[in-house]
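To start, the structure under review is shown below, and the notes come after it.
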2 protein chains.
Amino acid sequence: MSNSKALPLIQAEVEPCCPPLNERPLTMEEADRASAMFKALGDPIRLRLFSQIASHADGEACVCDISDVGVSQPTVSHHLKKLREAGLLTSERRGTWVYYRVAPSVMASLARSFSVSG
Amino acid sequence: MSNSKALPLIQAEVEPCCPPLNERPLTMEEADRASAMFKALGDPIRLRLFSQIASHADGEACVCDISDVGVSQPTVSHHLKKLREAGLLTSERRGTWVYYRVAPSVMASLARSFSVSG
DNA sequence: GATCTAAGTTGACAATCGTCGAAGTAAGTG
DNA sequence: CACTTACTTCGACGATTGTCAACTTAGATC
């Protein structure tokens, strides 16, 4: 292959997904965006992967560190992709290994969704 | 058994779903429980329904108030059932109408999942 | 080059999901 | 009783999802 314009770099800055859920009814656009995040966390395997990465030392984890969740390696890769596409994780290859970390401001943004307003 | 015999279980349906996601890796049981909640919020229609109820005056909303989300009324009922089964909503019939409200401690419990620990 | 390990992609499959129309239940009105 | 309104449940349909085996890509080492 030649001039590959690789560099996925889909990870634009994660802006707040939505206002607090009890502040006002979400618009359709807000609901689409936020539900995509919750949907990604709505699988027990994916949630465990996310938790393992979020709680790992230095805030990042190699796939080899977290692939012990009871499913095959391709399935782990599939779930990590889903989490990445939802904007929850970022990935970076360093040598042989690929490291995942929670995307910036994701925790704060989601926490805000459930913060009690009023 | 312990000496707690008159323990009221009415509000025990929603206990904290899990520790903060960046505190430690979730157990399978924790992941099952928490992912069920996120899964329920992982649909745009359901998330809008939840937001409409959570933001409604007096903290409760009649189905007739929130059924304008772009799908048929049986589908609304189906989604509300999913949210109820996930422990996110409670419902009560008063006369002709059925009122939904966010189950106790759900907002705080989910906010805690994303609170930054450490 | 060849070979090994790490991780991602593809293809296929059963299982689950979202949706609707039709039918059913519950409560109020006359 | 019949009729209306407000939901819920049922049955069916296409669409999406989670999973694995097989294959491919990427990097390190020989």
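Nothing here was measured: the structure is a model prediction, and the numbers come from that model. Naming convention: chains lettered A, B, ... in sequence-line order (proteins, then strands); numbering from 1 in each chain.
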**Item:** A:Leu26 and B:Leu47: CA distance, side-chain angles, deciding distance, side chain to side chain contact (heavy atoms under 4.5 Å, CB included) verdict
**Value:** CA-CA 8 Å; A:Leu26 296 188; B:Leu47 190 58; 3.8 Å; yes
Would you classify [X] as touching base, sugar-phosphate or nothing, given that sugar-phosphate means primed atoms plus P, OP1 and OP2, and contacts are heavy atoms under 4.0 Å?
| X | result |
| --- | --- |
| B:Arg94 | nothing |
| A:Tyr100 | sugar-phosphate |
| B:His78 | base |

Roughly how many Å is it from [atom1] in [X] to [atom2] in [N], rounded to a whole number?
| X | N | atom1 | atom2 | value |
| --- | --- | --- | --- | --- |
| A:Asp32 | C:dG18 | CG | P | 14 Å |
| B:Leu80 | D:dC7 | CG | C1' | 10 Å |
| A:His79 | C:dA7 | NE2 | P | 16 Å |
| B:Gln73 | C:dT19 | CD | P | 14 Å |
| A:Leu41 | D:dG18 | CG | P | 12 Å |
| B:Arg46 | C:dT16 | CZ | C1' | 12 Å |
| B:Trp97 | C:dG28 | CH2 | P | 9 Å |
| B:Glu92 | D:dT8 | CD | P | 13 Å |

**Message:** Heavy-atom nearest nucleotide on DNA chain D for B:Val98 versus A:Arg93: which residue maps closer to 5'?
**Reply:**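 The residue whose closest nucleotide sits nearer the 5' end is B:Val98.
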**Message:** Below the 4.0 Å mark, does C:dT9 have OP1 or OP2 next to a side-chain nitrogen or oxygen of A:Lys81?
**Reply:**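 Yes.
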**Message:** Any side-chain N or O of B:Lys39 below 4.0 angstrom from OP1/OP2 of D:dT17?
**Reply:**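 Indeed not, no polar side-chain atom of B:Lys39 lies that close.
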**Request:** Using the closest heavy atom to pick a nucleotide of DNA chain C for each, name whichever of B:Thr75 or A:Thr96 lands nearer the 5' end.
**Result:**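 The residue whose closest nucleotide sits nearer the 5' end is A:Thr96.
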**Item:** CA sep, side-chain torsions, deciding dist, call: B:Ile53, B:Leu83, side chain to side chain contact (heavy atoms under 4.5 Å, CB included)
**Value:** CA-CA 11 Å; B:Ile53 293 167; B:Leu83 289 165; 5.7 Å; no
**Asked** For A:Arg24, does its backbone N or O pair with a side-chain atom of B:Ser51 as donor and acceptor, under 3.5 Å?
**Response**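 Confirmed, B:Ser51 side chain pairs with A:Arg24 backbone.
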**Asked** Are B:Ile45 and B:Phe38 joined in one hydrophobic group, where the rule is that I, L, V, M, F, W and Y side chains link up if heavy atoms are under 4.5 Å apart?
**Response**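 Same cluster.
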**Message:** Consider side chain to side chain contact (heavy atoms under 4.5 Å, CB included). Of B:Cys17, B:Cys18, B:Pro104, which one does B:Ser109 pass it with?
**Reply:**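 Filter result, single survivor: B:Cys17.
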**Prompt:** Among the nucleotides D:dG18, D:dT8, C:dT9, which one has an atom lying closest to any side-chain atom of B:Pro74?
**Reply:**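 When the side chain of B:Pro74 is considered, D:dT8 is the closest of D:dG18, D:dT8, C:dT9.
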**Message:** Let's see if you can work this out: which of C:dT19, D:dT8, C:dG8 has an atom nearest to the side-chain heavy atoms of B:Ile45?
**Reply:**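 Ranking C:dT19, D:dT8, C:dG8 by closest atom to the B:Ile45 side chain puts C:dT19 first.
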